[in-house]
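Written below as structure tokens is the structure these notes are about.
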Amino acid sequence: MSDNYSADVVVVGTGVVGCTVAEHALDAGLSVLMLEAGPRVERWQIVENFRNLPPSLKANWDAAYPPKPWAPHLETYTDASAAEYLQLEGPDALAYRQGYVRYAGGATWHWAGICWRLTPEDMKLKSLYGVGRDWAFDYNTLEPYYTRAEYALGVSGPSDPALQWPPMRSKPYPMGQLPFGPGEQRFTDVAAKIGLHNLPAAQARNSGVSYNGRPACCGNNNCFPVCPIGAKYDAATTLPRIEAKGGVILANAVVYRVETGSKNAVQAVHFFDQDKVSHRVTGKVFVIACNGIETPKILLMSKNEKNSNGVANSSDQVGRNMMDQPKISAQITMAEPLWTGVGPVQSSSIMNTSQGDFRNVHTGALFRMENAARSRVGGLAALKKGLVGKALDAEIRRLSACTATLTIEHELIPLPYNRLTLSAKKDWLGLNKPNIYYDVSDYVRRSTATYTLPILKQLMAGLGTTDSQINNFYTHSDHIMGGCIMGTDPSTSVVDADCRAHDHDNLFLPGGGAMTTGGSGNSTLTMVALAMKASDAIVSQLKAG
Ligand SMILES: Cc1cc2nc3c(=O)[nH]c(=O)nc-3n(C[C@H](O)[C@H](O)[C@H](O)COP(=O)(O)OP(=O)(O)OC[C@H]3O[C@@H](n4cnc5c(N)ncnc54)[C@H](O)[C@@H]3O)c2cc1C
Ligand code: SF4
């Protein structure tokens, strides 16, 4: 079928990474067409979906985002089964049950909004500790892009350098830090007693002021699955601005092939609409920003005579080095009330435990007390006990106040065998489902055994834990990284320092996939900083003609 879809910059994916590139290209006077696999929805529709869920599903943020047949995503609350979208294998297969939604706006609809930067050391693992890889550039090169990313997302954070992570910054955060709730404060005090520093998180939510048309955060703790008032950044808040600047957004457009032409440049992408009709879109520059799973999947699906391993894959690195931050959690009960749930669902972390010379032997990690309200979990648990009346009321109150979840998020280094390939199983459109092999590695397991679990137990003791259950398995942190790894050598990496594919001059793959290492902190701010850097490169490439 022939179409007239064309633009200077064709952006695939309307998550935070795609929106960042689209807005910059529009600001530079370029025409932009965005293709989005999922539907376009309004905030109130998601709030309604959530409100109407049964209580047992209310903790499963993704249940508020039922997938469309043509844009499936993993529903993390269902049992693992062959019917699932994401096919997983390997010793830690279930630890890669990544959450993302294929809706316009992408996964930031339901993210926690935490915006840590990498440290200079996180970017030099190979030269400092002999493990993983070094980035193509250092922290000082990335710093201005971090600052731009923080101002674009509207990040609040502390002004005292002693509370910033890391403190090497060229500008203050655009907004001051949000106040701690009682649980966060108690956790901070307990951590301090064992020599650990619980820091206020930099977070993309508005503290006390409106920012970019978003209202101030009112601390109602509904950040998962959606901020009902839009105080937390999500990419959906950017979409109307992109359209007002002249950008065109096509929803329900599932890109399945990247077409290459002369000099191996990309000349078109192809998408299916929701009626399974195929369309072709031409452009000057193409940006695939579909997250660390869907982007490598599209590249692998696009193999052709000239690119027999898939597009951008002469190095055979597309889909390899898949990363996340393998997580261990503990459910604890204390004698004294802690009262988590006042303010956002996450607001702080212990970060200095992620750094140290031990990284030549085992990985580092961050520690966090989850600040999600416990009333739902407490309510269900109290009902299960068969209580009624005042006894039920008292038990819900006790369980809401005196229980908490502690989390460890370990850094994972890039390992080529952690690999996304195309499954022989097909989705509704007949496209291959992604298959991922995942092993968190002995580097992480050593850390858990000798370093992070002992720290966790100290924190539990400090909080006066009377009862606990520590998961003895890893789970996902939803920070998808690595499948289009960045580097200076085209034979061992997929993209260059500007996220441009080594193999195709006009193809950019910014976002988590390009990250060379992931650190222990939530990684989206780094993805956005990379998108900013890629945007500058795209604009200069097109302006240079
Ligand atoms: C519960 C949860 C909490 C999180 N909390 C945090 C946090 O506190 N801090 C943090 O740093 N990160 C957090 N994350 C991760 C964060 O949400 C992601 O890193 C971020 O949203 C990635 O942005 P993206 O634009 O790369 O990808 P996405 O947001 O996944 O966007 C990709 C877009 O591409 C579209 N797409 C996919 N396939 C195709 C296709 N074939 N054709 C066309 N379009 C396609 C999708 O529909 C989607 O709109 C969290 C994630 C989850 C699930
Ligand atoms: S605490 Fe409430 S207002 Fe603040 S970001 Fe979360 S959901 Fe939005």
Side-chain angles (χ1 to χ4, degrees), residues 15-16 19-20 23 41-51 61 64 105-117 146-161 163-165 169 171-188 198-242 244 339-349 368-376 521-522 524-525 528:
V16 60
C19 285
T20 300
E23 198 165 15
V41 295
E42 298 295 329
R43 187 173 307 278
W44 68 262
Q45 292 173 280
I46 298 170
V47 175
E48 275 303 283
N49 287 351
F50 175 59
R51 207 166 63 87
W61 53 265
T108 49
W109 268 115
H110 54 65
W111 72 325
I114 303 301
C115 283
W116 298 116
R117 296 177 173 202
Y146 269 140
T147 302
R148 279 167 57 183
E150 286 165 352
Y151 277 75
L153 300 192
V155 172
S156 54
S159 50
D160 177 356
L163 300 178
Q164 295 170 341
W165 186 265
R169 319 177 38 84
K171 268 174 109 169
Y173 289 105
M175 286 171 280
Q177 106 189 44
L178 281 148
F180 276 176
E184 303 266 4
Q185 190 54 55
R186 173 90 190 288
F187 183 68
T188 307
N198 190 45
L199 297 176
Q203 44 188 306
R205 41 172 75 72
N206 301 353
S207 58
V209 287
S210 62
Y211 191 93
N212 264 351
R214 296 173 357 223
C217 168
C218 59
N220 64 20
N221 203 255
N222 204 78
C223 325
F224 299 154
V226 63
C227 174
I229 61 168
K232 180 188 68 170
Y233 170 90
D234 57 59
T237 61
T238 321
L239 298 177
R241 209 164 61 224
I242 286 174
W339 286 118
T340 65
V342 181
V345 292
Q346 287 176 17
S347 245
S348 65
S349 288
R368 178 173 68 230
M369 186 207 65
E370 304 294 345
N371 196 42
R374 310 287 300 177
S375 42
R376 186 199 58 83
N522 316 44
T524 305
L525 190 77
V528 179

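Computed from heavy atoms alone, side chains included, the values below leave out hydrogens, waters and symmetry copies.
With sequence neighbours excluded, the residues that form a side-chain hydrogen bond (donor to acceptor under 3.5 Å, both in side chains) with Asn206 are Arg214. Scored by the salt bridge (charged side-chain N to carboxylate O under 4.0 Å, His left out) test, Arg186 finds no partners at all (sequence neighbours excluded). The side-chain hydrogen bond (donor to acceptor under 3.5 Å, both in side chains) check on Arg374 picks up Thr403, Thr405, with sequence neighbours excluded. Residues satisfying the side chain to side chain contact (heavy atoms under 4.5 Å, CB included) criterion with Ala64, sequence neighbours excluded, are Ile46, Asn49, Phe50, Pro225. Partners of Thr20 according to the side chain to side chain contact (heavy atoms under 4.5 Å, CB included) rule, which considers only residues two or more places apart in sequence or in another chain, are Val16, His24, Val528, Ala531, Met532. Applying the salt bridge (charged side-chain N to carboxylate O under 4.0 Å, His left out) test to Glu370 and every residue at least two apart in sequence or in another chain returns Arg368. Under the rule for a side chain to side chain contact (heavy atoms under 4.5 Å, CB included), the partners of Pro174 that lie at least two apart in sequence or sit in another chain are Glu150, Tyr151, Tyr211. By the salt bridge (charged side-chain N to carboxylate O under 4.0 Å, His left out) test, Arg376 is found to be paired with no residue, residues two or more places apart in sequence or in another chain being considered. Residues forming a side chain to side chain contact (heavy atoms under 4.5 Å, CB included) with Ser348 (at least two apart in sequence, or on another chain): Phe180, Glu184, Asn198. The side-chain hydrogen bond (donor to acceptor under 3.5 Å, both in side chains) check on Gln164 picks up nothing, with sequence neighbours excluded. Applying the side-chain hydrogen bond (donor to acceptor under 3.5 Å, both in side chains) criterion to Gln45, with sequence neighbours excluded, gives no partner residue.
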Any chance you could lay out the side-chain contact (heavy atoms from CB on, under 4.5 Å) test for Trp61 and Val226, step after step, and finish with the verdict? CA-CA 8 Å; Trp61 53 265; Val226 63; over 6 Å; no
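For the pair Arg205/Cys223, a side-chain contact is recorded, criterion being any heavy-atom separation below 4.5 Å from C-beta on.
The main-chain N or O of Ala372 is found under 3.5 Å from a side-chain atom of Thr340 such that the two form a donor-acceptor pair. With hydrogens and angles disregarded, no donor-acceptor distance shorter than 3.5 Å links the side chain of Ser347 to the backbone of Pro344.
Pairs engaging residues 227-239 under the salt bridge (Lys or Arg N to Asp or Glu O under 4.0 Å) rule: Arg43-Asp234 [sequence neighbours left out].
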